[in-house]
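Just below is one structure, and these are the notes that go with it.
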Amino acid sequence: MNTELVNKRVRWQKLWCDLHTIRLAPLPTETDVDMALAGLPPRRENEALGNWLKRALSPDNKGLPFSQFRFSKIGEVYLQAAASGDEFPLPEQPLETADQSFRLTLSEHEGYLSVKIEALGLAIDEFRGQYIGIAANNHADTVIAITQLDQDGESTIVLKDTQYLRKILCVHPVLGLIEPNYG
Amino acid sequence: MRITERLAYDVAQIFELVLTKNAFNEDRLAIYLLLLLGRKSSYKASRPKSVETDCDDYEADANDAESAGQIVSMPLPDIKAFQFGNPYIDGLLFRDYYATNGEFMQTFLPGLGRVDIHIEAGLYMTDVLLLKSLELAKVNVKDGKPTNLHLLLERLCQLTNVQGDWQHTTIQRSLQSEKHSLLWFEKVATRLERLKTQEENKLINETAKNQRHLSGSYWLQAGECQVEVIEELSLLNALKVLPLALRSDFSKDPKFLKLLKSIIGSLNERYRLLRSCGLPPEAWLTRKQPSLNKLEQLKVLRDKAKALDAWQSGHYEQAWRQAFAGLNVSQDSIGGFEDFCQWQNSDIGQAMLSRCQQTELSLEFLLENDGDNEGLGYEDSSVGSYELHQALIQDAGDRLTQDLVLEAFFREVLLKNRPVQDQGGLFTDSAFIALVAADDDYAALDAATLADTLRLKTSSLIFSVLLETNEGATSPAMQVYIQHVLIEQKPAQGEGGLLNRTSFKKKLALDDELRELTPTLLYNHAIRHFGRLLGKKL
């Protein structure tokens, strides 16, 4: 084989290796980590990192983590009037749950929806540090996002903007307390 | 770029997310790494559903099969090269035998749907990356330096936002030192002292022991404060003691990145060699024996055995015997074994022999950049990168220049190592977004499918150019088979499988070398042929 052909071959052989080290998916986000932490059995006190992960990733946990969570409704917003047909524009003003214990602020940016959850008044003390889910109704299997509230009772979730999520957020978002059922 | 270098860049970004907070959260770091390393990409989710049928009599042309939309089922050995779309699953963790669906933990994460995380990622993250202590390398002793993890700790302390004299932090040995602390130093000093108590019974290697005897313990000094640091650090221990929060842009610091790359390369070394020898890391990672040197020797021997005809025809024991027999007689032993029988009767010999079957399906020869292959290194070296780009454009011709989206992906991601979907990545570039919008086919795809499509197109392009450089001709049937099964990862058998398509059957019938082969032998033949094209040893 002539030198030119050999060089050409080597150039493209190296490209193959490089192509297969490229990470196409985005890095995990804070929200991904929140959701994963909420979806795995919590780490026990003094449990070594490796032992926790072995337990969390054992085949016994397959398919179970989320289905065994309790979702207890703590607030809801009715917004049917805002939606028309298949269009779900985000409300311009922050929303408050019927009992005024939570405020939801929705915004969109470059293909993502941002949902800021703020506990209000007494709910701050009650729910700070807790995992809160947003769902379409009272059932755990309709939850679209989970986040852990910070010490001020606030958290922001960033989600990929889809019609499905908009429909839930712009019609009747239900907030619930997420409590894992692991023993 | 080596896969461990890629990992270092990604880990650096994750460290920035975790270490720029005021408190270190070990669980969050673990989950970030777990998702990075082990999360199966969702690219394939939009593809047609698997159909587990075996229709030997199925007759259809390619178009029929495509329109039927029923693919993915391969009753051949479970070959799923690159199917997981995560370079760490495909190329780092599992290169000696393929990950199968049974090795994934499936969990439902709200908002994300079902997420599959490879169980091996947990082992890699804990036992390779985070918890393994780095021993003192001889080269560091020669240069009078501590381990690279001590140097990393030193550098990260210099990059903190916390008040104090941290920017002058050093770690070095001293025979006569005692703790001295001020208020701003106390938290770090306490953490390091706690660490010393926790690790005091841990055995350290002889080199470190001798150095400590000669020159004293390590001391972290910042301004007038100082505290003793343990002899061998793990990555997790180094992170746990840091003065947080670090500066918001610390992950771009060249010195930090260089150290992290070197550390990850060192931490990965035993895992890499075990994989290369076909040994399951979960059983062998924490053992002291065989040493790295012995594993390296066994890997070389295994490469020799793999190149023999006996191995290719499935007679692995015979191949190993021949490889041992071919050794230089002046060599005392290889991997600690004097001959084949001694090796065969050992635990490691048994383990290596039992895994030969799986390694026949290895990705190693497709992916691994062993030894002195540093990758293309576009990012680190501007020398020749323009010329290289021009040469590649010339090689590919219209196949690249007529597809502006593919050309941009090729140039920015493959040649310049630009991220794809991350912040500042190609997919957030307004010029690229405009290019995609102007092309109806690309514009209809979501980001994940677009990325996957561009990867597949680039794979096809590389294959197509390599065919032009092929000394021995690749028959039309073999070209179609490689493109369909190895590049596009579509099924060979089952309903819609390539072997059931009339057009392919016609090509196969004209091919004297291939037409009598069973599906498994045809696959093995194709992967060897493709391996030769890629210049990798089987």
Side-chain angles (χ1 to χ4, degrees), chain A residues 1 5-28 30-33 35-40 42-43 48-50 52-54 56-59 61-67 110-111 133-135 140-141 143-146 157 159-160 165 178, chain B residues 1-3 6 10 13-14 17 26-28 30-32 34-36 39 41 43 82 85-87 90-91 105-112 117 119 122 125-127 130-131 236 367 369 375-376 388 391-392 395 413-414 420-422 428 448 451-452 455 458-459 462 465-466 469 471 534-535:
Chain A
M1 213 191 299
L5 210 55
V6 170
N7 288 342
K8 179 177 174 180
R9 189 171 191 174
V10 169
R11 280 197 291 273
W12 288 80
Q13 284 172 339
K14 285 181 174 173
L15 281 182
W16 175 268
C17 289
D18 278 11
L19 176 66
H20 290 93
T21 66
I22 290 172
R23 176 176 49 76
L24 295 173
L27 276 178
E30 294 247 7
T31 310
D32 290 342
V33 173
M35 291 176 175
L37 276 171
L40 294 172
R43 190 169 166 188
L49 183 64
W52 170 52
L53 287 169
K54 271 177 201 152
L57 298 178
S58 85
N61 282 330
K62 215 175 256 187
L64 294 177
F66 194 74
S67 61
E110 293 182 351
I134 305 177
D141 57 5
V143 171
I144 55 165
I146 288 183
I157 311 169
L159 300 164
K160 197 96 179 159
L165 293 183
I178 299 288
Chain B
M1 181 182 279
R2 287 181 180 181
I3 191 79
R6 182 80 62 189
D10 285 346
Q13 290 186 67
I14 286 175
L17 292 168
E26 192 175 306
D27 294 2
R28 292 189 75 81
I31 297 300
Y32 269 118
L34 191 68
L35 291 175
L36 173 77
R39 182 171 166 190
S41 257
Y43 307 141
F82 319 121
N86 175 337
D90 292 336
M105 189 210 66
Q106 296 164 1
T107 184
F108 176 81
L109 299 182
L112 297 176
I117 297 173
I119 294 164
M125 182 186 67
T126 54
D127 294 11
L130 290 183
L131 303 180
L236 187 64
L367 274 180
N369 279 336
L376 289 172
L388 179 65
L392 292 166
D395 294 341
V413 176
L414 203 53
V420 182
Q421 294 194 62
D422 297 336
T428 62
D452 195 34
R455 179 181 65 83
T458 309
S459 293
I462 293 171
V465 174
L466 284 175
T469 69
E471 267 183 322
L534 293 170

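Only this structure's heavy atoms are used, side chains among them; waters, hydrogens and symmetry mates stay out. Lettering follows sequence order; numbering is per chain, from 1.
Note that CG of B:L534 is 9.0 Å distant from NE2 of A:H20, once rounded to the nearest 0.5 Å. The distance from atom CD1 of B:I3 to atom CG of A:D18, rounded to the nearest 0.5 Å, is 10.0 Å. Rounding to the nearest 0.5 Å gives a distance of 5.0 Å between CZ of A:R43 and CG of B:D27. B:D395 CG to A:R9 CZ: the interatomic distance, rounded to the nearest 0.5 Å, is 13.5 Å. Once rounded to the nearest 0.5 Å, the distance linking CH2 of A:W16 with OG1 of B:T458 reads 10.5 Å.
Considering only heavy atoms from C-beta on, B:R6 comes within 4.5 Å of A:I22 through its side chain. Residues A:R11 and B:V465 are not in side-chain contact: their nearest non-hydrogen atoms beyond the backbone lie 4.5 Å or more apart. Looking at A:W12 and B:T469, their side chains never come closer than 4.5 Å, going by heavy atoms from C-beta outward.
Residues passing the side-chain contact (heavy atoms from CB on, under 4.5 Å) test with B:D422 are A:R23, A:P26, A:L27, B:Q13, B:P419, sequence neighbours excluded. Here A:E30 pairs with B:K21, B:R28, B:Y32 under the side-chain contact (heavy atoms from CB on, under 4.5 Å) rule; sequence neighbours left out.
Proximity to chain A is absent for every atom of B:T428, based on heavy atoms less than 4.5 angstrom apart. Heavy atoms of B:I462 lying under 4.5 Å from chain A belong to its backbone as well as its side chain.
Nearest heavy atoms, B:L17 versus A:P28: CD1-O, 4.2 Å.
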Exercise for the section: Dump the intermediate steps for side-chain contact (heavy atoms from CB on, under 4.5 Å) on B:L466 and A:K8, then the final yes or no. Expected result: CA-CA 8 Å; B:L466 284 175; A:K8 179 177 174 180; over 6 Å; no

